[in-house]
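Everything on this sheet refers to the single structure shown next.
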Amino acid sequence: MKDKNVVHTPKSEKVSKSVLFGAAFLMATSSIGPGFLTQTTVFTQQLAASFGFVILISLLLDVFVQINIWRIIAVSGLRGQEIANKVLPGLGVVLAVLIVIGGLAFNIGNVAGAGLGLNAMLGMDPVYGAVLSAAFAIFIFLFKEAGKAMDKVAQAAGGVMILLMLYVAFTTSPPVGEAIVNTFKPEQLSIFAIITIVGGSVGGYITFAGGHRLLDAGVKGIDSLPDVTKSSVMGIAVTGVMRVALFLAVLGVVSMGLAIDPANPPASVFKLAAGEVGYRMFGVIMWAAAITSVVGAAYTSVSFIRTFHPAIEKYHNWVIILFILISTLTFAIVGKPVNVLILVGALNALILPLGLGTILVAAYKKEIIGNYKHPLWLTITGGIVVVAMGVLSIMTLIEQIPLLF
């Protein structure tokens, strides 16, 4: 018996670390999609070195959001929709519907991004590239241990993206000193940029992705909180490294006075930085960013309806595959439905304050969290994010809905 214990202890530790890394990278790579690349490029063009300040503030806000949500999911042992239903009956259904609709619509964009990535990388037709990419994503969920396969893909893709992005950033020789100074004392300030970046990093389904993954892997309870917190911060750190690397790469190009093509800003940056090789590298990054977002969006969206019916729970991998198929067919047959994406984008902005606000209420309900005491500083910082994102998401809805008609 003693020998067995000696053998199995390091193995269990290894599995635990693998799960924590997997959850962190699932969250990070879910947020690093086609929109992430475009937003970062465009805002760096507009704000130059001052965008460093936007990154700093958004990363701090992201950490407050992630730690709050992941901790309460772990302590309660419940998914986001189950927590919401306990806070207010029916609220979990509303949250799930918003996340599934938003996840499905944005997955159309993710599938399209994967097709464009293969087009830049290999010259493949974007529609064929999208279908091939979807087949790859579906293949992951055909495994019995789909969660572990997903973890490995997220970690591998995340590692490749970071290395390539750092290489391009180094190639453009950005003014690092100026960037550091402006990170703490910006010459320009854009609240809109901060809100957009926060929404893109932890908005919609993304903020729940890693927390649900840890729960599915059996990581829950008060004793797990140090690991859960570590994993949540690690996810934001990975996102931050990518954001900073892309920021520096774009800043280097802008500092050289080179014109970035507005039709495809991130692709233009890579081409200007490293020529044709840079453009191919953009294809690799775009594909990796898009395919991991396809997987993350499908997995997390379906995790919000798993508890609604025993059949969905039993066959959830097949429901995830159906989710990916619908996204792909919609793109292949009708393209990206722009009007739907505009409305869902506005609705998606509501998910962060709604989801986080619900979690903060749950943090003080004993029937949900038992004897756990939620740190006051997390409640206060989380509350600030809820109010700021709530007001601005309502403003976004008022602004965007008339565009549909």
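Hydrogens, waters and symmetry mates are skipped; everything else that's a heavy atom, side chains included, is used.
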| task | Using a 4.5 Å cut-off on heavy atoms from C-beta on, say whether the side chain of Ile369 contacts that of His374. | result | no
Rounded to the nearest 0.5 Å, the OG1 atom of Thr358 sits from the CG atom of Leu91 at a distance of 4.5 Å
Shortest non-hydrogen pair, Ala130 vs Thr328, comes out as O-CG2, 4.2 Å
| query | Quick one: does Thr292's side chain have a donor or acceptor within less than 3.5 Å of a partner on Ala289's backbone? | reply | yes
How about Phe53 and Gln188: do any of their side-chain heavy atoms sit closer than 4.5 Å?
-> no
_Side-chain heavy atoms of Val153 within contact of Ile140, under 4.5 Å_ = yes
Quiz prompt | Ala297 backbone acceptor or donor facing Asn107 side chain under 3.5 Å | solution = no
Sequence neighbours excluded, the answer for side chain to side chain contact (heavy atoms under 4.5 Å, CB included) partners of Met121 is Leu118, Val284, Trp287
| query | Are Glu276 and Arg280 within salt-bridge range, i.e. N to O under 4.0 Å? | reply | yes
When rounded to the nearest 0.5 Å, the distance separating CD1 of Ile285 from CG of Leu163 is 10.0 Å
- Query: Do Met27 and Val238 have side chains that get closer than 4.5 Å, going by heavy atoms?
  - Reply: no
Any side-chain heavy atom of Arg71 sitting closer than 4.5 Å to one from Ile359? no
Exercise. Should Asp216 and Arg79 count as an ion pair when the cut-off is N to O under 4.0 Å?
Worked result: yes
Margin query: Is there a side-chain contact between Val228 and Ser224 in this structure, where contact means two heavy atoms from C-beta onward sitting under 4.5 Å apart?
Written below: yes
Quiz item: Are Phe43 and Val54 close enough, and set up right, to give a side chain to side chain contact (heavy atoms under 4.5 Å, CB included), and what steps lead you there?
Solution: CA-CA 9 Å; Phe43 282 129; Val54 172; over 6 Å; no
Look at atom OH of Tyr167 and say whether more than 12 heavy atoms of other residues, nucleotides or ligands are closer to it than 6.0 Å. no
On a heavy-atom basis, the closest approach of Ala48 and Leu251 is C-CD1, 3.7 Å
For Lys220 and Leu215: C-alpha separation, side-chain torsions, deciding distance, then whether side chain to side chain contact (heavy atoms under 4.5 Å, CB included) applies.
CA-CA 6 Å; Lys220 58 184 177 181; Leu215 204 60; 3.9 Å; yes
Taking every heavy atom of Ile305 against every heavy atom of Gln81, the minimum-distance pair comes out as N-NE2, 4.2 Å
Exam field: side chain Ser231 to backbone Asp227, donor-acceptor pair closer than 3.5 Å: no
- prompt: Is the ring centre of Tyr279 less than 6.0 Å from the ring centre of Phe270?
  reply: no
Q: Could you tell me whether the side chains of Asp261 and Asn264 share a donor-acceptor contact shorter than 3.5 Å?
A: no
_Between Ser50 and Pro186 (side chain of the first, backbone of the second, donor and acceptor by atom type, cut-off under 3.5 Å), is there such a pair?_
no
Criterion side chain to side chain contact (heavy atoms under 4.5 Å, CB included) on Val250 and Thr40, from CA distance to verdict:
CA-CA 9 Å; Val250 180; Thr40 304; 5.7 Å; no
task: Inspect the surroundings of CZ in Phe64 and state if more than 12 heavy atoms from other residues, nucleotides or ligands are less than 6.0 Å away.
output: yes
So OH of Tyr315 and CD1 of Ile320: to nearest 0.5 Å the spacing works out to 15.0 Å
Nearest heavy-atom approach of Ala273 to Thr172 is CB-CG2, 3.4 Å
Taking Asn182 for the side chain and Glu187 for the main chain, is one N or O donor matched with an acceptor at less than 3.5 Å?
yes
When every non-hydrogen atom of Ser327 is compared with those of Ile108, the smallest separation belongs to O-CG1, 3.9 Å
In terms of heavy-atom contacts, Gln66 and Ser232 come closest through CB-CB, 4.1 Å
Item to check | Leu142 vs Ile321 side-chain heavy atoms within contact, under 4.5 Å | outcome: yes
Would you confirm whether His316, through its side chain, and Glu313, through its main-chain N or O, come within 3.5 Å as a donor-acceptor pair? yes
Output for pair (Leu214 CG, Leu26 CG), nearest 0.5 Å, gives 9.5 Å
Checklist line | Derivation of the side chain to side chain contact (heavy atoms under 4.5 Å, CB included) call for Ile351 and Ile99 | finding: CA-CA 7 Å; Ile351 295 175; Ile99 282 183; 3.8 Å; yes
Next on the checklist: For the backbone of Pro126 and the side chain of Asn119, can you confirm whether one donor and one acceptor N or O come within less than 3.5 Å of each other?
Outcome noted: no
Distance col, row Ser173:OG vs Met256:CE, nearest 0.5 angstrom, shows 7.0 Å
Going by atom types alone, do Ser190 and Gln46 pair a side-chain donor with an acceptor below 3.5 Å?
no
Notebook entry, point to check: Are Thr379 and Tyr364 linked by a side-chain donor-acceptor pair shorter than 3.5 Å?
Noted result: yes
Sorted by chain and residue number, the salt bridge (Lys or Arg N to Asp or Glu O under 4.0 Å) partners of Arg213 (sequence neighbours excluded) come out as Asp151
Does atom CZ of Phe308 have more than 12 heavy-atom neighbours, drawn from other residues, nucleotides or ligands, at distances under 6.0 Å? yes
Side-chain donor or acceptor of Asp62 paired with backbone N/O of Ile236 under 3.5 Å:
no
Interatomic distance, NZ@Lys271 vs CD1@Ile260, rounded to 0.5 Å, equals 14.5 Å
Using a 3.5 Å distance criterion without hydrogens, assess whether the side chain of Trp70 forms a donor-acceptor pair with backbone atoms of Thr207. yes
Any side-chain heavy-atom pair from Ile194 and Leu61 closer than 4.5 angstrom?
yes
message: Measuring centre to centre across the rings, with the benzene-like ring taken for any Trp, is Phe208 within less than 6.0 Å of Phe304?
response: yes
Residues at least two apart in sequence or cross-chain that pass side chain to side chain contact (heavy atoms under 4.5 Å, CB included) with Ala137, listed by chain then number, are Ile291, Val294, Val295, Ile324
Ser293 side chain vs Ser30 backbone, donor-acceptor pair below 3.5 Å: yes
